[in-house]
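In what follows, a structure is listed as structure tokens, so that the remarks can point back to it.
Atoms considered below: every heavy atom in the structure, side chains included; atoms not considered: hydrogens, waters and symmetry mates. By convention here, the first residue in the shown sequence is residue 1. Whatever order the structure lists them in is the order used to number ligands and atoms, beginning at 1.
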Amino acid sequence: MELVSAPYRSYVLVSREQIARNYRSVKSVAGPGVEVAGVVKADGYGQGALEVSRVLLAEGAGWLAVSSVDEGVKLRCGGVREARILVMGGYLPHEGAALDEYGLTPAVHSLEQMRELHEIAQQRGASIRYHLKIDSGMGRLGTRAPAAEIVAALERTPHARLEGLMTHFASAADYNSRQTEEQVAYFQSIAEALRGAGFEPELVHTSSTNAIGYGRAGGRHNMVRAGHALYGYVSPARGAAPRQLLDVAPALTWKTKILAVKDLPAGALVGYGGTFRASQAMRIGILGVGYADGMFHRLSNRGKVIAAGKIAPILGAISMDLTTIDLSSAPGLAPGDEVTLLGEEGGARLDAQQIARLAGTISYNILCSISARVRRVYV
Ligand SMILES: *Cc1c(COP(=O)(O)O)cnc(C)c1O
């Protein structure tokens, strides 16, 4: 990424070009004829749903996917007109009208919702397209109804149009588990039964990043839903996994200014609770970032940042707005200089997966937690 400095206490740089490259890698692994829906929920995994969407649309994406009706409406209001938008995370009864008004396509999770959509469509004298989600064994959203009941519901709801059939995998990167194979088999059996009854959805999709990366095709499918990969990540596999196919790299760099630098004598305490004590004289830096910006409090006395191209430890408790680091190995840094919280600087590198391990969470959680107070800058 080019060197850019922005006049903010704390900001992220998002490389549009890297997101475009990641999207192209997903396209090429998904293969010809397979639609790649770009998942931009949670404000594009913290990277800006609208800006990420614009990059994907410029690359020719025909579909975007979000979690909620609200997120879909924001994209439409932000100027996303042509692309189809799949609302994956369910909707509430009072949101049914907005789906139609804003041209959003819901994932439907129950036979009851099929009936409701049918009624809305009938009242409007139009047909509403939806994707039916099958709970193939994750035990989260999706219908667990047997195929015969789904077929009967389809026959009763002609104004709601089954455009897609989908499921979601719980353990796609885990090769110690049989869960994905079992989910694929269950999903296939439902898809076959629907086909046998004359219901052939145009779009069939099962795979998100990990399933794409490890080549778990999930049978006959012609769409995938990629989120994490667009932002540069694939989860590490467990067990005997095949080679990972995606060639993606992180698109986001998070930087913060040093507010103050000072020298502490041996024995001085740092931060709330005095949880760090200097064992010798040392130089510290106070950063303009804290847990209100998305620095996990769990990184207190365990996290790291990059200062002057070298890894520097976080000292003491992370506060709401401030974080203290050890500057002993970067004595040249002064107030107003920057450190890198996530990204690459001078050969040192910290990515969301490394930070997640230290914080006891997952990389998705790190990216989505960078708060709105942190300015987004696009390069
Ligand atoms: C979030 C989500 C995705 C995208 O998952 P990634 O692992 O980020 O690619 C796909 N499908 C559903 C249903 C989701 O909720």
Item to complete: Given side chain to side chain contact (heavy atoms under 4.5 Å, CB included), test Tyr91 with Leu104 step by step and report yes or no.
Response: CA-CA 11 Å; Tyr91 61 93; Leu104 307 174; over 6 Å; no
Discussion item. Please list the nearest protein heavy atom to atom 5 (O) of ligand 1 with its residue and the distance rounded to 0.1 Å.
Written reply: Ser208 CB, 3.4 Å
Practice prompt. Around atom 4 (C) of ligand 1, find the nearest protein heavy atom and jot down its residue, atom name and distance.
Written response: Tyr45 OH, 3.5 Å
Worksheet item: Do Asn210 and ligand 1 have an N or O pair less than 3.5 Å apart?
Response: no
Discussion item. I need the nearest protein heavy-atom contact for atom 1 (C) of ligand 1: residue, atom name and distance, please.
Written reply: Lys41 NZ, 1.3 Å
Practice prompt. Apply the test salt bridge (charged side-chain N to carboxylate O under 4.0 Å, His left out) to residues Arg161 and Glu202: give CA-CA distance (whole Å), side-chain angles for both, the deciding distance (0.1 Å), then the verdict.
Written response: CA-CA 11 Å; Arg161 200 175 111 222; Glu202 290 143 58; 2.6 Å; yes
Discussion item. Checking a contact table here: which protein heavy atom is nearest atom 9 (O) of ligand 1, and how many Å away?
Written reply: Thr209 OG1, 2.6 Å
Worksheet item: Can you find an N or O of Lys133 that's nearer than 3.5 Å to an N or O of ligand 1?
Response: no
Discussion item. Please verify the inter-ring angle class for Tyr364 with His228; under 30° counts as parallel, over 60° as perpendicular, anything in between as tilted.
Written reply: parallel
Fill in: Heavy-atom nearest neighbour in the protein, as seen from atom 7 (O) of ligand 1, with distance rounded to 0.1 Å
Tyr364 OH, 2.6 Å
Item to complete: Kindly work out whether a path of hydrophobic side-chain contacts (I/L/V/M/F/W/Y, heavy atoms less than 4.5 Å apart) joins Leu141 to Tyr130.
Response: no
Item to complete: State the CG-OH distance between Asp174 and Tyr214, to the nearest 0.5 angstrom.
Response: 10.5 Å
Worksheet, complete the sentence: Under 4.0 Å between heavy atoms, the region of His228 that gets near ligand 1 turns out to be both
Worksheet entry | Glu59/Arg24 salt bridge by N-O under 4.0 Å criterion | yes
Fill in: Residue, atom name and distance, where the atom is the protein heavy atom closest to atom 11 (N) of ligand 1
Arg225 NE, 2.8 Å
Worksheet item: Are any of the N/O atoms in Met166 less than 3.5 Å from those in ligand 1?
Response: no
Worksheet item: When the aromatic ring centroids of His205 and His221 are compared, is their separation below 6.0 Å?
Response: no
